[in-house]
Amino acid sequence: QVQLVESGGGLVQAGGSLTLSCAASGHTFSSYGMGWFRQAPGKEREFVAAISWSGGSTYYTDSVKGRFTISGDNAENTVYLQMNSLKPEETAVYYCATNILGNAYYSTWAYDYWGQGTQVTVSS
């Protein structure tokens, strides 16, 4: 069993920044990497960013490239998401999750354990 706990969400004005953190505990040895997803009210959960523990490759959805940075420490089972120049349409609950396939980082089905989410609200 793996437990994921996100933190760092909050209210920020458009153009502002936030850094989300996700700490994993439990049997994390099967994880190939970790990802961040977000879900706005009435919308499907969507991929934001991911990091592979093998080689440290990172993946981003196009809309956040150049503004968001994912980083992490496999030894400490922690992943971060630095978010800059936030936009109101990025208001959502942000979730971290563990990838169990080592690929398909953009797809929710490649992830098994999920955190409870942290709310990010961007005001205009």
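Of the candidates Asn99, Thr69, Ile70, Ile70 is the only one forming a side chain to side chain contact (heavy atoms under 4.5 Å, CB included) with Ile51. Each of Leu20, Leu81, Val93 was compared with Val120 under the side chain to side chain contact (heavy atoms under 4.5 Å, CB included) criterion, and only Leu20 meets it.
Residues Asp112 and Thr98 bring a donor and an acceptor atom of their side chains to less than 3.5 Å of each other. Ser123 and Gln13 form no side-chain donor-acceptor contact under 3.5 Å, judged by distance and modelled atom types alone.
When the side chains of ILVMFWY residues are joined at heavy-atom separations under 4.5 Å, either directly or via intervening members, Leu4 and Val79 end up in a single hydrophobic cluster. By the criterion of side-chain heavy atoms lying less than 4.5 angstrom apart, applied directly or through intervening Ile, Leu, Val, Met, Phe, Trp or Tyr residues, Leu18 is not grouped with Tyr80; the two fall into different hydrophobic clusters. A continuous path of Ile, Leu, Val, Met, Phe, Trp and Tyr side chains, each step under 4.5 Å between heavy atoms, connects Val122 with Tyr94, placing both in one hydrophobic cluster.
Here the side chains of Lys65 and Tyr59 are not in contact, with every heavy-atom distance at 4.5 Å or above. Proximity of Gln82 to Ser17: side-chain heavy atoms (C-beta onward) are separated by under 4.5 Å at one or more points. Side-chain contact check for Trp114 versus Thr108: some heavy-atom pair is nearer than 4.5 Å. Taking the side chain as every heavy atom from C-beta outward, Glu46 and Arg38 approach each other to under 4.5 Å.
Between the CD atom in Gln1 and the OG atom in Ser25 there is a gap of 9.5 Å [rounded to 0.5 Å]. Within the model, atoms CD of Glu90 and OG1 of Thr121 stand 12.5 Å from one another, a figure rounded to the nearest 0.5 Å. Once rounded to the nearest 0.5 Å, the distance linking CZ of Phe37 with OG of Ser107 reads 7.0 Å. To the nearest 0.5 angstrom, Met34 atom CE is 4.5 Å from Cys96 atom SG. Atom OH in Tyr95 sits 12.0 Å away from atom CH2 in Trp36 (nearest 0.5 Å). For the atom pair CZ of Arg67 and CE of Met83, the computed distance is 9.5 Å after rounding to the nearest 0.5 Å.
Here the closest non-hydrogen pair linking Ala14 and Ser124 is CB-CA, 4.4 Å. Minimum interatomic distance between Leu86 and Phe68 (heavy atoms only, all atoms of both residues): CD2-CZ, 3.7 Å. Counting all heavy atoms, side chain and backbone alike, Trp53 lies closest to Gly72 at CZ3-C, 3.9 Å.
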**Asked** What do the steps show when you test Glu89 against Lys43 for salt bridge (Lys or Arg N to Asp or Glu O under 4.0 Å), and what is the final call?
**Response** CA-CA 12 Å; Glu89 55 265 36; Lys43 295 187 177 181; over 6 Å; no
- Quick one: do Tyr106 and Phe47 satisfy ring pair (Phe, Tyr, Trp, His ring centres under 6.0 Å)? Show the steps, please. CA-CA 6 Å; Tyr106 300 88; Phe47 170 79; 4.6 Å; yes
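Ser52 contributes a side-chain N or O that, together with a main-chain N or O of Ser54, makes up a donor-acceptor pair within less than 3.5 Å. With hydrogens and angles disregarded, a donor-acceptor distance shorter than 3.5 Å links the side chain of Tyr111 to the backbone of Tyr105. When atom types are taken as modelled, the side chain of Glu6 and the backbone of Thr118 share no donor-acceptor pair closer than 3.5 angstrom.
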